[in-house]
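Here is the structure we will look at.
In the text below, chain A, chain B and the rest are named by the order of the sequence lines, each starting its count at 1. Quantities reported herein were computed from a predicted structural model and do not represent experimental measurements.
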Amino acid sequence: MNLLLAVLTPFLGAILVAWVSRFGRAHSAWAAGGVAVTALAWLLPILSEPFAGVTVVQRIPWMPAVGLDLAFRLDGLGLLFAGLILGIGLLVILYARYYLSERDSLGRLYAYLLLFMGAMLGVVLSENLIQLLMFWELTSLSSFLLIAYWRERDLARQGARMALAVTGAGGLALLGGILLLGEITGSYELSVVLASGDVIRAHPLYLPTLALVLLGAFTKSAQFPFHFWLPHAMAAPTPVSAYLHSATMVKAGVFLLARLFPALSGTPEWSYLVGGVGLLTLLIGAITALFKHDLKGLLAYSTISHLGLITLLFGIGTPLAAVAGVFHIINHAIFKASLFMAAGIIDHETGTRDMRRINGLWQFMPFTATLAMVAAAAMAGVPLFNGFLSKEMFFAETVDMAARMHLGWLLPVAVTVAGIFAVAYSLRFIHDVFFNGHPVDLPRTPHEPPRWMKVPVEILVLLCVLVGIFPAQTVAPILTVAATGVLQGPLPTYHLAIWHGFSPALWMSVIALIGGIVLYGARQSLFAWYDRHGSRLDARRVYDALLRALLAFARGVTRLLDIGSLQRMLFLFLSFAVLLGWIGWSGGDASLTGSRAMLPVDGVSLLAVFALIVVSITVVFLHRQRFTALVLIGVVGLVVSLIFVKFSAPDLALTQLSVEVVTVVLLLLALYFLPQHTPAESGMARQGRDAILALLAGGGVGALAWAVLTRPYTSIGDYFLANSVPGGGGGNVVNVILVDFRGFDTLGEITVLALAGLAIYAMLETLRLDAPRQDADGRAWNWDMHPTIMASFTRLLLPLALLVSVFILLRGHNLPGGGFIAGLVTAVALIMQYLANGVEWTHSRLPGNMHPIIGAGLAIATLTGLGSLFFGYPFLTSTFGHVHWPLVGDFELASAMAFDLGVYLVVVGATLLILIHLGLMHSKTGDVLNLEKREQP
Amino acid sequence: MEALIAISIGVLTACGVYLALRGRTFPVVLGLTFLSYAVNLFLFSMGRLSIGQPPVIRAAATAYADPVPQALVLTAIVIGFAMTAFVIVLALKARAELGNDHVDGVEQP
């Protein structure tokens with residue numbers, strides 16, 4: 001559990017810090033620091049296990065049947081990374097406290113930072129690969145938030161978007177790679193995958209798997225040609241850069257290389273792909289870094305270059321190279337974090353990052369300058385500092401590799417060139433910033449930063465020196481355990497020492513140092529050359545062009561499918577449906593008519609269906625006269641409810657009848673605001689075409705209905721019929737299905753109803769419509785809207801109607817009725833009041849605000865369902881019993897009745913909400929008209 | 001009797017399709033109303049037709065109609081009303097915003 005808690009702590013802490021930040025900056029800094037320390041504390045009890053050679057695996061079964069567990073793993077590699085993430089994270093939290101100005105929200109930064117920290121911990125501590133990928137994607141998302149922290153800045157948003165696009169695309173590729181790994185090995189557990197290296201390498205899918213995994217790693221670690229996002233991510237606040245680009249985000253990619261090293265490495269494909277990309281990135285990063293005038297730009301390209309170096313080491317593929325790779329991961333994290341922090345201090349104190357203006361800072365901040373110079377020397381690979389040790393191991397490995405390759409001597413030459421440039425840009429960081437004359441036109445006069453802002457840099461620089469001078473006493477144990485974690489086996493012999501004798505690697509270091517100094521001396525002419533030619537090489541242009549092409553493609557597809565006309569699209573859609581139906585039909589050879597015995601036809605039914613057909617066709621022919629069509633469609637609805645009555649569906653008949661009333665009222669209210677006639681605009685051809693399609697669709701659906709109706713079948717209905725009384729305590733099976741067996745569906749349906757009502761309310765709220773002055777034939781409206789007789793009768797009828805609805809509601813469990821029907825009856829009764837007496841009159845006497853009623857209905861229905869949880873049953877389990885009431889007699893009570901009450905309230909509320917607000921629009925416009933009428937005479 | 005219902009469903013569908021293909025919002029809403037009648041009847045008829053056998057448990061009854069399609073159609077009728085209301089208010093909104101009641105928002109030339 002410790003590992004799970006360690007990963008979860010930063011996620012929960014992010015919420016805590018966001019809340020604490022309201023109490024002040026110091027509080028949020030302490031809270032964020034406390035969260036990081038807590039996460040570290042969870043790891044402490046199991047910290048010694050990897051040193052004893054034990055891999056800790058903790059799992060919580062989630063879906064064991066498909067091999068998905070929440071599984072965490074702590075081995076040497078995970079331990080090293082967890083230490084870097086939490087340790088440097090703590091320093092960054094301290095540093096950010098002083099870096100960020102009062103205007104910026106410290107709480108938000110810390111919350112994002114902790115989210116990111118949790119995601120990174122998840123990546124390095126995952127045992128399950130799918131789970132690793134989830135955290136991997138979370139690092140992309142949370143780094144997006146971090147880079148876009150200054151969200152009002154264009155560059156920050158662009159940089160964040162670019163980082164997300166590139167790393168997110170890589171994450172997709174990685175998902176593919178992980179799925180293939182799972183297919184090959186039959187498991188997503190790292191323990192299995194790491195042990196199946198031979199199986200994976202021999203598998204025909206090895207190359208695609210490798211390519212996909214590498215795409216994920218290379219995009220994350222900013223390897224060529226995906227490196228361009230990293231410099232743009234420098235728009236983030238400097239503490240973020242110090243965290244993301246030293247120890248965490250970009251290291252996730254090389255972490256993946258190290259993690260899957262035993263499973264994927266050891267083939268020529270691995271060496272050429274990983275080694276080749278690493279070498280290219282190393283060179284391009286190192287050369288470009290020298291020409292960046294922006295302090296953080298220089299560090300960004302140097303980061304790219306060092307990531308390339310690490311990638312190249314893993315690409316070489318020997319165990320010793322992997323050890324060197326791990327060693328450089330540690331060293332780079334330490335010196336690069338301190339360099340970013342130093343750059344942040346300079347930026348903070350001078351107000352600019354342009355090295356052409358920042359000069360001679362030694363006289364203003366000698367202490368910071370010393371720290372920065374030590375870190376830069378480590379970056380250059382100067383002896384006595386940590387960077388030198390891993391860099392010399394790196395040189396030695398390339399020499400070793402060269403002996404095994406055709407044209408191998410090119411490799412040491414290329415990396416020496418990269419070394420020369422590394423020395424040159426490190427020298428520039430030192431000389432150009434702290435010496436080289438005087439500052440040019442700085443916005444602020446620089447001085448030493450606050451005491452505690454320097455502490456994180458001091459700690460890191462101290463580590464650089466300690467590791468550089470006493471490697472065996474400091475870094476050796478953690479390096480051993482981490483390298484064991486990478487190789488998953490015995491380590492090669494190596495010696496961490498400053499002096500290895502006059503080896504080729506030493507000469508390469510010497511050449512790099514001298515060459516770098518010479519190169520830096522000649523910088524002015526190089527800068528001029530770069531400004532003329534070099535700036536043309538920008539991968540960002542490719543990215544932009546690709547993005548433009550993608551957007552154009554998406555627009556093209558949209559244009560192809562969305563032709564902008566509902567009529568044409570609907571025609572295509574329906575034609576396609578008819579075509580599919582025809583294909584399905586013509587495929588089989590079953591006869592249209594089945595074997596089921598048919599019911600005899602009686603005269604009344606014949607007459608009713610005849611009426612239905614005649615009226616329907618009349619509606620179509622008269623549809624341009626809208627009022628007539630609307631009245632006639634009421635007849636259709638009536639016949640449909642009669643069909644329900646005839647064929648044993650009393651509940652449906654009641655529902656259809658009451659819905660018919662509210663629908664016609666609704667359409668009448670709406671028609672007031674719409675033209676009374678439809679203009680004749682379809683030509684004969686279009687009408688004919690539509691008619692043919694309508695006949696085909698109608699014929700098809702009719703034939704299908706016929707085919708079904710004449711065939712025997714078995715139904716699950718028997719189960720409900722048998723269990724309705726014993727299981728649901730109700731005789732009306734339809735109602736018991738609604739409120740009991742399928743209560744969850746009904747809960748969803750009344751939620752939809754409530755949402756539809758609220759959406760309509762929202763649309764009507766801001767709607768302003770012009771009411772017509774007269775009807776279609778030019779007659780003015782009759783203002784005697786509320787005839788006395790109708791008004792009187794509806795008032796008398798209201799209590800009766802409400803009584804009926806209560807009756808229907810209560811008996812619904814055993815006889816036709818229930819919440820839906822009762823709700824509609826109530827709604828109709830109340831709408832009658834509005835129709836007969838006017839909106840204002842009714843509004844002043846009845847509760848007009850329907851939102852609480854809808855809310856109460858949903859709450860009652862949901863709480864009834866939750867109530868069964870309370871008694872230990874699944875959601876919405878119902879119960880029932882009988883009580884004896886004096887006078888009334890034996891009376892059944894079921895918990896489902898409370899649920900039905902919820903249904904009732906939602907139906908009443910939503911129906912009235914819709915109709916009242918549509919009616920209120922009338923009174924708004926009606927008032928205007930009344931006013932005009934009064935003014936006229 | 002089965003033939004009558006099948007024909008009714010076919011006619012309602014045909015009328016619904018034709019009206020749904022019109023160019024103004026109000027006929028389209030009428031068309032959708034027709035289609036919901038047709039679909040509800042079609043779903044209901046999946047339980048086959050039976051006369052005088054409502055699915056209400058009684059001692060004297062020998063057979064019952066299939067309650068499952070009825071339960072499905074009951075909620076479908078109510079939701080159908082909500083959707084009709086939504087579409088018609090959308091049509092009002094469109095008219096207010098666009099100044100006409102054509103389904104594509106532009107008067108045909």
Side-chain angles (χ1 to χ4, degrees), chain A residues 565-567 570-571 574 598-599 601 609 612-613 616 620 623 626 629 633 640 647-652 655-656 659 663 666 670 673-674 678 681 690-691 694-695 697-699 701-702 705-706 709-710 715 717 720-721 724-725 731-734 737-738 749 752-753 756 760 763 767 769 820 914, chain B residues 1-2 4-15 17-21 23-24 26-27 30 33 37-38 41-42 44-46 48-57 64-68 70-71 73-75 77-79 81-82 84-86 88-89 92-93 95-96 101 103-104 108:
Chain A
S565 160
L566 180 73
Q567 276 176 292
L570 206 55
F571 185 83
L574 289 168
M598 278 181 245
L599 296 168
V601 179
V609 169
L612 176 87
I613 293 169
S616 301
V620 170
H623 80 265
R626 294 179 171 184
I633 211 169
V640 170
F647 297 108
S648 317
D651 286 280
L652 293 192
T655 313
Q656 181 71 56
V659 161
T663 307
L666 170 85
F673 294 107
L674 291 169
T678 306
E681 50 188 5
D690 291 351
L695 288 176
V701 172
W706 168 255
L709 280 170
T710 54
S715 166
F720 296 111
L721 288 167
S724 176
V725 174
N732 181 3
V733 187
V734 174
I737 291 178
L738 285 178
E749 270 149 358
V752 172
L753 191 63
I760 289 169
M763 275 199 285
L767 194 58
L769 279 167
F820 279 108
I914 296 166
Chain B
M1 203 63 105
E2 276 78 2
L4 288 183
I5 297 303
I7 292 169
S8 304
I9 293 172
V11 169
L12 289 173
T13 310
C15 295
V17 167
Y18 183 81
L19 287 177
L21 287 169
R24 300 289 164 156
F26 196 77
L30 291 187
T33 312
Y37 290 143
L41 270 184
F42 185 82
F44 170 67
S45 67
M46 291 301 103
R48 309 305 189 269
L49 303 180
S50 52
I51 297 173
Q53 300 167 344
V56 177
I57 307 295
Y64 298 104
D66 192 340
V68 180
Q70 295 197 14
V73 171
L74 199 154
T75 49
I77 295 173
V78 180
I79 300 275
F81 160 71
T84 307
F86 190 83
I88 194 76
V89 173
L92 289 183
K93 184 91 175 162
R95 177 155 198 239
D101 69 334
V103 287
D104 297 336
Q108 300 292 344

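- Listed options L570(A), L709(A), L753(A) were ranked by heavy-atom pairs under 4.5 angstrom with chain B; first place goes to L709(A).
- Atom CD1 of I633(A) and atom OG1 of T663(A) lie 9.5 Å apart (nearest 0.5 Å).
- The candidate from D690(A), V601(A), V733(A) with the greatest count of non-hydrogen atom pairs under 4.5 Å with chain B is D690(A).
- Interface residue L574(A): only side-chain heavy atoms are found under 4.5 Å from chain B.
- The shortest distance between side-chain heavy atoms of T710(A) and M598(A) falls below 4.5 Å.
- Residue contact with chain B, scored on non-hydrogen atoms closer than 4.5 Å, involves the side chain of F720(A) exclusively.
- Between F647(A) and I5(B), the closest side-chain pair of non-hydrogen atoms falls below 4.5 Å.
- When heavy atoms are compared at a cutoff of 4.5 Å, F44(B) approaches chain A solely by way of its side chain, counted from C-beta outward.
- A distance of 8.0 Å separates OG of S715(A) from CG of L721(A), quoted to the nearest 0.5 Å.
- With a 4.5 angstrom heavy-atom cutoff, F571(A) touches chain B via backbone and side-chain atoms both.
- Distance check: D101(B) CG to T678(A) OG1 gives 7.0 Å after rounding to the nearest 0.5 Å.
- Ranked by heavy-atom pairs shorter than 4.5 Å toward chain A, the options V68(B), L21(B), I57(B) are led by L21(B).
- Both the backbone and the side chain of S50(B) come within less than 4.5 Å of a heavy atom in chain A.
- Note: S648(A) leads G698(A), A629(A), S648(A), G702(A) in heavy-atom pairs under 4.5 Å with chain B.
- Classification of D104(B) and R24(B) as a salt-bridged pair fails, no side-chain N sitting under 4.0 Å from a carboxylate O.
- When heavy atoms are compared at a cutoff of 4.5 Å, I77(B) approaches chain A by way of both its backbone and its side chain.
- Here S616(A) contributes atom OG and L12(B) contributes atom CG; the two are 5.0 Å apart, rounded to the nearest 0.5 Å.
- With a 4.5 angstrom heavy-atom cutoff, L612(A) touches chain B only via side-chain atoms.
- Here the side chains of Y64(B) and V56(B) are not in contact, with every heavy-atom distance at 4.5 Å or above.
- The residue among A756(A), A697(A), A649(A) with the most heavy atom pairs within less than 4.5 Å of chain B is A649(A).
- When heavy atoms are compared at a cutoff of 4.5 Å, I737(A) approaches chain B solely by way of its side chain, counted from C-beta outward.
- With chain A as partner, the option from L74(B), L19(B), V73(B), T13(B) having the largest number of non-hydrogen pairs under 4.5 angstrom is L74(B).
- Contact tally against chain B (heavy-atom pairs below 4.5 Å) for A694(A), G699(A), G717(A): the top residue is A694(A).
- Proximity to chain B (any heavy atom under 4.5 Å) is restricted, for I914(A), to the side chain, taken from C-beta onward.
- Of the listed residues (A96(B), A38(B), A85(B)), the one with the most heavy-atom contacts under 4.5 Å to chain A is A85(B).
- Here CD1 of I88(B) is found 7.5 Å from CG of L30(B). Values are rounded to the nearest 0.5 Å.
- Among S724(A), A691(A), P650(A), the residue making the largest number of heavy-atom pairs under 4.5 Å with chain B is A691(A).
- Counting heavy atoms from C-beta outward, W706(A) and I7(B) have side chains that stay 4.5 Å or more apart.
- Heavy atoms closer than 4.5 Å to chain B are found in the side chain of L666(A), but not in its backbone.
- Residue contact with chain A, scored on non-hydrogen atoms closer than 4.5 Å, involves the side chain of V11(B) exclusively.
- Both the backbone and the side chain of L49(B) have a heavy atom closer than 4.5 Å to some heavy atom of chain A.
- If you measure heavy-atom distances from V725(A) to chain B, the contacts under 4.5 Å come from the side chain alone.
- Both the backbone and the side chain of A20(B) have a heavy atom closer than 4.5 Å to some heavy atom of chain A.
- Here CD1 of I51(B) is found 4.5 Å from CG of L599(A). Values are rounded to the nearest 0.5 Å.
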Side chain to side chain contact (heavy atoms under 4.5 Å, CB included) between F26(B) and H623(A): does it pass, once the steps are laid out? CA-CA 9 Å; F26(B) 196 77; H623(A) 80 265; over 6 Å; no
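- Residues F42(B) and V701(A) are in side-chain contact: their nearest non-hydrogen atoms beyond the backbone lie under 4.5 Å apart.
- In terms of non-hydrogen atom pairs under 4.5 Å with chain A, the most contact-rich of I9(B), L41(B), T84(B) is L41(B).
- F820(A) is listed as a side-chain neighbour of L738(A), based on a closest heavy-atom distance under 4.5 Å.
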